[in-house]
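Just dropping this structure here.
Computed over heavy atoms, backbone and side chain alike; hydrogens, waters and symmetry mates excluded. Throughout, numbering of the chain's residues begins at 1 and tracks the sequence.
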Amino acid sequence: MADNVQKAVFFDVDDTLYDHLSPLREALQEAVGLADDMPYEDIYYRFRYYSDLLSEEKNLSAVPEKEALADMRRRRFMLALAEFGVFLNEIEAEAAQTAYVNRQFQIQPFQGAMELIETLTHSGIKVGLITNGPAEHQQKKLKALQVERYIPENMIFVSGGVGYAKPDVRLFEHVNAITKTSPEHSYYIGDSWRNDVVGAIKAGWTVLWYNHRNAEAESNHRPHFTVHNYQEITDTLLSIAGLQKV
């Protein structure tokens, strides 16, 4: 790549910057009484599947109506757990959601995540975040992660504040326009096939699928790279961007 080209790297947040499974597991154990030996990674995968599916169907990740959002959050618990023989009513699903939210703000970044962001920034790469969800809710997570120490506010894009949600190509186009970057020099790291891989590929970005839970591809789209931990993310980004560790 030409040295004078402005490169940009954007990260997803949920289950990309931090472990999204831990608060779900703890919430299900407390509110639903699930045993320690339940297949939590499989439950999480289906939980995210229904969360993304229902959100996309109703465009809830952009500017959601309060009751529609609450209904989606209950239904994702009910639908996901039903696949594992656990049947919740709406009251039980609401209790699980409450416990889940309470734990979402007690989170730590994945080891190596913030170090990579610092390395990229020091190398002249623009670094930002693109995440789906209500603006206030996502901002609380970012505060818990102390993201403001590493990424400027004008490089953080929350669907609820923008009006477009992944995988809508318009969100990625908006990010390019605001940050004065181009699709061909923009890289995206995310765990969600539906939102991150499909959305960024359609926008013409280079995609690193953070498949640390060994999920299956959900369509014929092909991420440019598949990575499983932050060491692989770091090595891949530094290689394709022509950078060295600092």
Item to check | Taking every non-hydrogen atom, the tightest pair across Leu129 and Phe10 | outcome: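 Closest heavy-atom pair between Leu129 and Phe10: N-CD2, 3.8 Å.
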Item to check | Atom of Ala8, atom of Thr181 and distance for their closest heavy-atom approach | outcome: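 Heavy atoms only, the tightest pair is CB-CG2, 3.7 Å.
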Checklist entry - Mind checking whether Val197 and Leu53 sit in one hydrophobic cluster, side chains of I, L, V, M, F, W, Y counted as touching below 4.5 Å? => result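 In one cluster: no.
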Checklist entry - Side chain of Gln138, backbone of Asn132: donor and acceptor closer than 3.5 Å? => result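 Looks like yes, one N/O pair under 3.5 Å.
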Next on the checklist: Over 60° means perpendicular and under 30° means parallel, so tell me whether Tyr100 and His20 are parallel, tilted or perpendicular.
Outcome noted: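 It falls in the tilted class, 30° to 60°.
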Item to check | salt_bridge(Asp71, Arg76) N-O dist < 4.0 Å | outcome: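 No, no charged N to carboxylate O under 4.0 Å.
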Next on the checklist: As a quick check of understanding, evaluate side chain to side chain contact (heavy atoms under 4.5 Å, CB included) for Met78 and Glu90, giving each step before the final call.
Outcome noted: CA-CA 8 Å; Met78 298 168 74; Glu90 289 198 354; 4.1 Å; yes
Checklist entry - What distance do Glu41 atom CD and Leu24 atom CG have between them, rounded to the nearest 0.5 Å? => result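 Glu41 CD to Leu24 CG: 11.0 Å, rounded to 0.5 Å.
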Checklist entry - Roughly how far apart are Leu238 CG and Ser123 OG, rounded to 0.5 Å? => result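 Output value for this atom pair is 7.0 Å.
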Checklist entry - Are any of the side-chain heavy atoms of Thr234 and Thr119 separated by less than 4.5 Å? => result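 Thr234 does not reach Thr119 side chain to side chain.
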Checklist entry - Taking side chain as C-beta onward, heavy atoms only, is Asp12 less than 4.5 Å from Tyr188? => result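 Contact flag for Asp12/Tyr188 side chains = yes.
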Checklist entry - Any chance CD of Glu115 has more than 12 other-residue heavy atoms, nucleotides or ligands included, within less than 6.0 Å? => result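 Correct, the count exceeds 12.
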Checklist entry - Do the side chain of His122 and the main chain of Glu118 share a donor and acceptor less than 3.5 angstrom apart? => result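 Yes, His122 side chain to Glu118 backbone: donor-acceptor pair under 3.5 Å.
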Next on the checklist: Between Ser182 and Asn176, is the side-chain hydrogen bond (donor to acceptor under 3.5 Å, both in side chains) condition met? List the steps.
Outcome noted: CA-CA 6 Å; Ser182 61; Asn176 279 145; over 6 Å; no
Checklist entry - Could you walk me through whether Glu83 and Tyr49 pass the side-chain hydrogen bond (donor to acceptor under 3.5 Å, both in side chains) check? => result CA-CA 12 Å; Glu83 295 188 11; Tyr49 171 80; over 6 Å; no
Next on the checklist: Do Leu237 and Tyr187 make a side-chain contact, defined as non-hydrogen atoms from C-beta onward lying under 4.5 Å apart?
Outcome noted: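 Leu237 vs Tyr187: side chains touch.
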Checklist entry - Taking all atoms of both residues into account, what is the closest heavy-atom pair of Ala93 and Arg74, and its distance? => result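 Smallest heavy-atom distance, with atoms named: CB-O, 3.6 Å.
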Item to check | Short N-O contact, Asp14 and Arg48, less than 4.0 angstrom | outcome: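 The answer is no: the pair does not qualify as a salt bridge.
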Item to check | Atom pair CD/CD of Gln104 and Gln97 - distance to nearest 0.5 Å | outcome: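 With rounding to 0.5 Å, CD (Gln104) is 7.0 Å from CD (Gln97).
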Checklist entry - CD/Glu26 to CG/Leu34 distance, rounded to the nearest 0.5 angstrom? => result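 Reported value, rounded in 0.5 Å steps: 13.0 Å.
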Checklist entry - Can you get from Leu171 to Val127 by hopping between Ile, Leu, Val, Met, Phe, Trp and Tyr side chains that sit under 4.5 Å apart? => result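 Same hydrophobic cluster.
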Checklist entry - Checking side chain to side chain contact (heavy atoms under 4.5 Å, CB included) for the pair Ile117/Val147: CA distance, chi angles, key distance, verdict? => result CA-CA 10 Å; Ile117 289 172; Val147 164; over 6 Å; no
Checklist entry - Phe110: what forms a ring-ring contact (aromatic ring centres under 6.0 Å, His included) with it, not counting sequence neighbours? => result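 Counting only residues at least two positions away or on another chain, Phe110 forms a ring-ring contact (aromatic ring centres under 6.0 Å, His included) with Tyr210, His212.
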Checklist entry - Are any non-hydrogen side-chain atoms of Glu92 and Val32 less than 4.5 angstrom apart? => result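 A side-chain contact is absent here, since even the closest heavy-atom pair is not under 4.5 Å.
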Item to check | By side chain to side chain contact (heavy atoms under 4.5 Å, CB included) - contacts of Lys202 (at least two apart) | outcome: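 Partners of Lys202 by the side chain to side chain contact (heavy atoms under 4.5 Å, CB included) criterion, ordered by chain and then number, come out as Val169, Val198, His221.
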Next on the checklist: Between Gln146 and Arg149, do the side chains contain a donor N or O and an acceptor N or O under 3.5 Å apart?
Outcome noted: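 Per modelled atom types, Arg149 and Gln146 side chains form a pair under 3.5 Å.
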Item to check | Between Asp52 and Ser192, a side-chain donor and acceptor under 3.5 Å | outcome: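 Yes, a side-chain donor-acceptor pair sits under 3.5 Å.
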Item to check | Intermediate values then yes/no, side chain to side chain contact (heavy atoms under 4.5 Å, CB included), Lys180 and Gln6 | outcome: CA-CA 9 Å; Lys180 294 181 172 58; Gln6 177 60 66; over 6 Å; no
Next on the checklist: Are Met38 and Tyr45 linked, directly or through intermediate hydrophobic residues, by side-chain heavy-atom contacts shorter than 4.5 Å (ILVMFWY only)?
Outcome noted: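 Hydrophobic grouping puts Tyr45 apart from Met38.
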Checklist entry - Can you tell me how far OG of Ser55 sits from CZ of Arg194, rounded to the nearest 0.5 angstrom? => result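 Arg194 atom CZ to Ser55 atom OG measures 9.5 Å (nearest 0.5 Å).
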Checklist entry - Less than 4.5 Å apart, any side-chain heavy atom of Arg25 and any of Gln29? => result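 Contact flag for Arg25/Gln29 side chains = yes.
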Item to check | Shortest non-hydrogen contact from Thr226 toward Glu232 | outcome: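 For Thr226 and Glu232, the tightest heavy-atom pair comes out as O-OE1, 4.2 Å.
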Checklist entry - Would you find a donor on one side and an acceptor on the other, under 3.5 Å apart, between the side chain of Asp15 and the backbone of Asp19? => result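 Such a contact is absent between Asp15 side chain and Asp19 backbone.
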Checklist entry - Quick one: does Met114's side chain get under 4.5 Å of Tyr230's, heavy atoms only? => result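 They are not in side-chain contact.
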Item to check | Rounded distance [0.5 Å steps], NE2 in His228 versus CG in Asn211 | outcome: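 Here the interatomic distance stands at 5.0 Å.
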Checklist entry - Do Leu79 and Tyr44 share a hydrophobic cluster, counting only Ile, Leu, Val, Met, Phe, Trp and Tyr and linking them when any side-chain heavy atoms are less than 4.5 Å apart? => result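 No.
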Checklist entry - What pair of heavy atoms forms the shortest contact from Ala31 to Ala96, and how long is it? => result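 Minimum heavy-atom separation between Ala31 and Ala96: CB-CA, 3.7 Å.
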Next on the checklist: Are the side chains of Thr121 and Tyr150 in contact, using a 4.5 Å heavy-atom criterion?
Outcome noted: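 The answer is no; the side chains never approach within 4.5 Å.
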Item to check | Flag side-chain contact, heavy atom, 4.5 Å: Phe47 against Leu81 | outcome: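 No, their side chains stay 4.5 Å or more apart.
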Checklist entry - Is any side-chain N of the basic residue among Lys166 and Glu56 closer than 4.0 Å to the acidic one's carboxylate O? => result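 Salt bridge between Lys166 and Glu56, a charged N being under 4.0 Å from a carboxylate O: no.
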Checklist entry - Are the side chain of Asn102 and the backbone of Thr98 linked by a donor-acceptor contact shorter than 3.5 Å? => result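 The answer is yes, because a donor-acceptor pair under 3.5 Å joins these two groups.
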Checklist entry - Under 3.5 Å, is there a donor-acceptor pair between the side chain of Arg103 and the main chain of Ala99? => result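 Yes, because the side chain of Arg103 sits within donor-acceptor range (under 3.5 Å) of the backbone of Ala99.
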Next on the checklist: Are Trp193 and Val13 linked, directly or through intermediate hydrophobic residues, by side-chain heavy-atom contacts shorter than 4.5 Å (ILVMFWY only)?
Outcome noted: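 No: no chain of side-chain contacts under 4.5 Å links Val13 to Trp193.
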Item to check | Heavy-atom closest contact (Trp209 atom, Pro223 atom, distance) | outcome: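 Minimum heavy-atom separation between Trp209 and Pro223: CB-CB, 3.9 Å.
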Checklist entry - Ile201 and Phe172: side chain to side chain contact (heavy atoms under 4.5 Å, CB included), yes or no, with the steps? => result CA-CA 10 Å; Ile201 285 177; Phe172 296 92; over 6 Å; no
Next on the checklist: Against Thr16, only a single residue in Ile233, Asp191, Leu208 fulfils side-chain contact (heavy atoms from CB on, under 4.5 Å); can you say which?
Outcome noted: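 For Thr16, the side-chain contact (heavy atoms from CB on, under 4.5 Å) test succeeds with only one of Ile233, Asp191, Leu208, which is Asp191.
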